[in-house]
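One structure is given here, and the rest of the page talks about it.
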Amino acid sequence: MEYKDTLNLPQASFPMKGNLPKREPEIQAKWEEMKLYQLLQERGRGRPEFILHDGPPYANGDIHLGTAYNKILKDVIIKYKTMRGFYCPYVPGWDCHGQPIEHEVVKRLDPSTAISKIEIREKCRAYAMKFVERQAAQFKRLGVLGDFDNPYLTVNPAYEACNISVFKELYLKGLIYKGRKPIHWCATCGTALAEAELEYKDEDSPSIYVKFPLLDNLPGLSVVEKPISVIIWTTTPWTLPANVAIALSPDFPYVAVETGEEVFIVAKPLLERIEDEIGLEHPRILKTFEAKSLVGMKCGHPWSEDSSIIVLADYVTLEQGTGCVHIAPGHGEEDYLTGLEYNLPSPMVVDDQGCFTEEAGSFAGLNVEEANPVIVSDLEKRGVLVASSSITHQYPHCWRCKKPVIFRATPQWFIAMDKGDNGNSLREMATSAIRKVEWIPEWTINRMSSMLETRPDWCISRQRSWGVPIPVLYCMKCGKEIVSQESLEAIEELIRREGSDNWFTKEPSSFLPEGFTCPHCGSTEFEKENDILDVWFESGISHFAVLREREELNWPADIYVEGSDQHRGWFQSSLLTSIGVEGLSPFERVMTHGFVVDGEGKKMSKSIGNVINPTDVCDRRGADVLRLWAISTNYSTDIPISEEILARTTESYRRIRNTIRFLLGNLYDFKLGEEVEPENMREIDRWMISRTQHLISLVTSQMESWQFHQAIRTLVLFCTVDLSSLYLDILKDRLYTAPKHSSGRKSAQTAIYYILKKLLAIAAPIIAHTAEEAYLSLPEELKESESVHLLPWPEVDEGLIDKALEERLEKLLEVREAAYREIELARKNGTLGSSLEARAKIFADEPYFDLLKSFEKELPEFFIVSQVEVNSMDSVNDKEEIRVEIETADGKKCSRCWNYSAAVGADERYPELCERCVSAMEALSRSES
RNA sequence: GGGCCUAUAGCUCAGUUGGCUAGAGCGCGCCCCUGAUAAGGGCGAGGUCGGUGGUUCGAGUCCACCUAGGCCCA
């Protein structure tokens, strides 16, 4: 046992247990202290730039796995590109305005106390800032490196002002117009409501069937013979005064049914149900036809002189009603879109308080809440009511006053998608611009272009408090809008100087230029637009507000990296503002990743209870485990996570960590200047260095093609297969038992040192903390830098590739495998424990024989057995090219190296040792004396 | 309901333009070692490729439909 002390066993300060939850924050503190980000920026200046422009997460709540995943991906890209020699400033950003924050804030207010817009805005700002801080800390905990001291915030005055500047450019190009669009409206509170402010509850509504008499003849049926009516069904009779059309489905047949003296038109598949509902007598189908043949025909409107026109809409279904849908574009989302499609008028007959306007004729003044029965009885009086009952269904209610809400068209601001000709419209220019963008994965361009194709004009106004104002003034005298270069620049200046709060507190005269008058009537009295900008507009201008404004950045961005929901969101809003102003894309490349789902592929939700929290994972397992998980998955589709997956990832992490630890541990006594020249290295060592070139080459190409999960696979395989189970296992004997300063041991250490450096550099972008910790654990003089993140990415050294050697050794690997199968059999027979107890008798033909012979001396080391004997194959009896027989090794077990040797006992001084160990002991005593 | 996408061993992934008995690592089982030790090594067992039908001499790999799931829209 005392011989153990004469061995060179590994010594390392790098512990086997990562204890990441504790150690990572320490490493991060060190990065902060050494100002690693700033250091990287300074060193990067002057290099080619690679700009990843951060999409701003919403400053509401803590980060979740989706945001964590996104940031990790970005961080890996930036760390990688930095090592590749690019200058990669990374400015994280936050989206701070918007309805969800305002809603959270307002929810906490005492509803009985009046509060001003400016007070709400103050509270919103504080709320947003709180979460910016929290999220920043959470992102840093993931190991994300960036300019967190100077992030971009959409509430910064300069950022806000940029909105006005972009609005100005678009407005002056004629791309912004004022129109109308239906929105959810609470008549009781007199406010617009967002989807999140609706509470769906059961509500009793009327259910009525109404005749719209057809004014045109159907082919083969004349209205003169018997009156023909299209039957509609609705649960909102009060919207009937605003009816302009009836929509039919293009997907199923319609019938004309005779009943008594009348003919009704309804969807054929619904006929039976309708018969039950309205009690038709002796119905008889006169004719079946496609909806297409009715399009454009006119029907009489119950009250209006204008008729109702028949159109097609694919949202018409067979679930309820008659297949003939009453369309009031001023009072329904789908109705509105159909109205746009067919260029229909959109009468809006209800005012802010929910009362009918003059447009509603005799119903003027009536509140919609009370209107339904009045309208129903009027319909009955007019003889167009076919049936009436009531229905209980889910209906939206105001979150605040709990009253049912209505849908109501209100004035809104829009960006026109189709204005301009000869391919100059926003839609066309955007569609052509995205063809020049690199989409990762490639198919995502399809998604993007189909969304661009179908999107309606962009409604950029919101009836809210927490945001950037729409910079429009109205003349108090003539009532006209005032939007001019001059007024816009004055507003932009105001906001740039003092922030957008001032819009709400200051009088227009205080910020408009001296002598500014209404361009229409010359008046000097103005009022301000109340609406604010859609937050998508705000985040959509980030490329201007950040890339253009910040000195270290550049427009356009090299890459945007976001989840697949951003095809409709940020990718699109950014593209549109950019196309509108510059005619160019703001990004050269767009990488999209999927959504994080659970182990079953289901989305994460609190109600299912499958939510995994990234901060928890950091606290329990460590950020590097999360980073390893993130990078191990294929981001192009859904990204699964579960406790099992994390457990597997942790195991994989441990394997990498231990491999690194072993390498480090055997370098404790390695010094600069002790490196062995390649030509003097042992073949096995040169072989591994040669293989390392392939590792570098493969990983680099995988990273370059954005296949990060392949790259980490390659790295893990290298650690487990090439290193741990093969090379390092073989190396132990030499590292431990050879004399400390022998060329054999130094050859091994040279290889290990070389491989470790490459390994840590490759691992650095991914397991950023572990790579750093390991790098800093190197003996002082072996460190070439203060941080692994300051190292360059490894490059392939062609001179170190030895193709012939690789081929030879890989051939020998096959023999090694054959030998191990035999060794295993011997173990099962109980004749063998350690492989060192074995003597391998190899019988080989070509191509193995010469190869084995040429390598005969190294074979015991390579096979980790005590003796190897190479014989030519007894070709009479054997069919295989190679056969291995395992027998017990000759001689006795050496107490020091555990190899078996006939020479054990030959030396009187060291009767328990083999010849190698005897000389090792001699060397040791020489060096000691 | 529509658009885009996904579905290969328990887990994460490979499987070029359709062509030998579908691969890897991890995990698992058994075994060895105890000088990487809450480590290390060996051997081995697991999929017929979500389902159905089709094209083809031949399909995981092309087509259609279905099922499950994701994002976006309705």
Side-chain angles (χ1 to χ4, degrees), chain A residues 1 3-12 14 16-17 249 251 313-319 333-334 337 441 443-451 453-456 563-569 572 592-603 628-629 632-634 636-642 644-652 654-655 657-666 707 709-710 712-714 716-721 724-726 728-733 735-737 816-817 819-828 830 832-837 864 896-898:
Chain A
M1 207 52 188
Y3 285 115
K4 182 172 178 179
D5 303 329
T6 70
L7 297 173
N8 303 303
L9 295 178
Q11 303 175 13
F14 185 73
M16 184 185 308
K17 263 195 86 181
S249 167
D251 300 328
D314 51 18
Y315 51 80
V316 176
T317 68
L318 295 171
E319 275 165 35
E333 176 79 30
E334 290 174 328
L337 292 172
W443 53 260
T444 56
I445 191 176
N446 298 337
R447 199 173 144 93
M448 192 70 198
S449 58
S450 80
M451 283 180 177
E453 248 168 62
T454 56
R455 72 153 300 147
S564 59
D565 54 336
Q566 302 305 335
H567 286 118
R568 177 160 297 273
Q572 205 176 118
T592 316
H593 57 79
F595 270 60
V596 179
V597 294
D598 72 9
E600 260 77 59
K602 299 264 171 58
K603 72 163 101 183
L628 190 58
W629 158 76
S632 304
T633 60
N634 179 351
S636 69
T637 176
D638 305 334
I639 304 142
I641 192 167
S642 65
E644 184 190 359
I645 291 168
L646 283 171
R648 290 296 94 82
T649 309
T650 305
E651 278 153 10
S652 184
R654 274 206 284 266
R655 179 59 95 112
R657 186 178 176 93
N658 249 318
T659 304
I660 291 170
R661 175 168 178 270
F662 184 82
L663 296 172
L664 272 172
N666 285 291
Q707 298 295 307
H709 68 294
Q710 311 273 40
I712 191 66
R713 258 179 91 65
T714 303
V716 170
L717 281 181
F718 187 76
C719 284
T720 58
V721 180
S724 190
S725 75
L726 181 63
L728 300 182
D729 206 30
I730 290 171
L731 226 49
K732 282 176 202 164
D733 179 77
L735 282 167
Y736 299 172
T737 69
R816 191 177 191 262
E817 280 164 25
Y820 270 101
R821 277 191 293 273
E822 293 304 316
I823 287 173
E824 196 57 30
L825 280 178
R827 274 195 192 116
K828 291 275 145 80
L832 201 70
S834 163
S835 59
L836 285 177
E837 292 165 29
I864 319 185
R896 185 165 173 277
C897 72
W898 296 347

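In what follows, every heavy atom counts, from backbone to side chain, and hydrogens, waters and symmetry copies are set aside. Here is how names work: the chains are called A, B, and so on, in the same order as the sequence lines, proteins then strands, and each is numbered from 1.
- Nearest to the side chain of A:R827, among B:rG41, B:rC13, B:rA36, sits B:rG41.
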* To do: Could you encode protein contacts along nucleotides 20-29 of chain B as a string, one character per nucleotide from 5' to 3', using B for base contact, S for sugar-phosphate-only contact and - for no contact, with a heavy-atom cut-off of under 4.0 Å?
  => ---BBSBS--

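- When the P atom of B:rG41 is taken as reference, atom CH2 of A:W898 falls 16 Å away, rounded to whole Å.
- Considering only side-chain N and O atoms, A:N634 lies nowhere under 4.0 angstrom from the phosphate OP1 or OP2 of B:rU6.
- The salt bridge (Lys or Arg N to Asp or Glu O under 4.0 Å) check on A:E824 picks up A:R827, A:K828, with sequence neighbours excluded.
- Scored by the side chain to side chain donor-acceptor pair (under 3.5 Å) test, A:R648 finds A:E644, A:E651 as partners (sequence neighbours excluded).
- Scanning for side chain to side chain donor-acceptor pair (under 3.5 Å) contacts around A:D729 gives A:K732, with sequence neighbours left out.
- Not counting sequence neighbours, the partners of A:R816 by the side chain to side chain contact (heavy atoms under 4.5 Å, CB included) test are A:L726, A:I730, A:L813, A:Y820, A:F862, A:F863, A:I864.
- The residue from A:H567, A:Q566, A:R455 that alone fulfils the side-chain hydrogen bond (donor to acceptor under 3.5 Å, both in side chains) condition with A:Q572 is A:R455.
- Residue A:S724 places at least one side-chain N or O under 4.0 Å from the OP1 or OP2 atom of B:rG41.
- The phosphate of B:rG40 has neither OP1 nor OP2 within less than 4.0 Å of any side-chain N or O from A:R661.
- Considering only residues two or more places apart in sequence or on other chains, A:T637 meets the side chain to side chain donor-acceptor pair (under 3.5 Å) condition with none of them.
- When the side-chain nitrogen and oxygen atoms of A:Q710 are compared with OP1 and OP2 of B:rA14, one or more of them lie within a distance under 4.0 Å.
- In B:rG46 the O4'-C1'-N dihedral to the base is within 90° of 0, which defines a syn nucleotide.
- Comparing B:rC5, B:rA36, B:rG44 by their closest approach to the side chain of A:R821 singles out B:rG44.
- Minimum atom distance to the side chain of A:W443 is reached by B:rC5, of the listed B:rC33, B:rC5, B:rG3.
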* Structure fact -> Each nucleotide of nucleotides 67-74 of chain B classed B (base within 4.0 Å of a protein heavy atom), S (only sugar-phosphate) or -, in 5' to 3' order, makes --SSBSSS

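- Put simply, A:H709 has a side-chain N or O that comes within less than 4.0 Å of OP1 or OP2 on B:rA14.
- Pairs of Watson-Crick or G-U wobble type, with distances under 3.5 Å, assemble into runs of 3 or more in RNA chain B at these ranges: B:1-7 with B:67-73, B:10-13 with B:23-26, B:28-32 with B:40-44, B:50-54 with B:62-66.
- By the salt bridge (Lys or Arg N to Asp or Glu O under 4.0 Å) test, A:E453 is found to be paired with no residue, residues two or more places apart in sequence or in another chain being considered.
- Checking B:rU12, B:rA38, B:rC31 against the side-chain heavy atoms of A:P640 singles out B:rU12 as nearest.
- For A:R447, the salt bridge (Lys or Arg N to Asp or Glu O under 4.0 Å) criterion is met by no residue, not counting sequence neighbours.
- A:K17 has no side-chain polar atom (N or O) that falls below the 4.0 Å cut-off from OP1 or OP2 of B:rA38.
- Residues passing the salt bridge (Lys or Arg N to Asp or Glu O under 4.0 Å) test with A:D733 are A:R916, sequence neighbours excluded.
- The side chain to side chain donor-acceptor pair (under 3.5 Å) search around A:T6 returns A:R896, not counting sequence neighbours.
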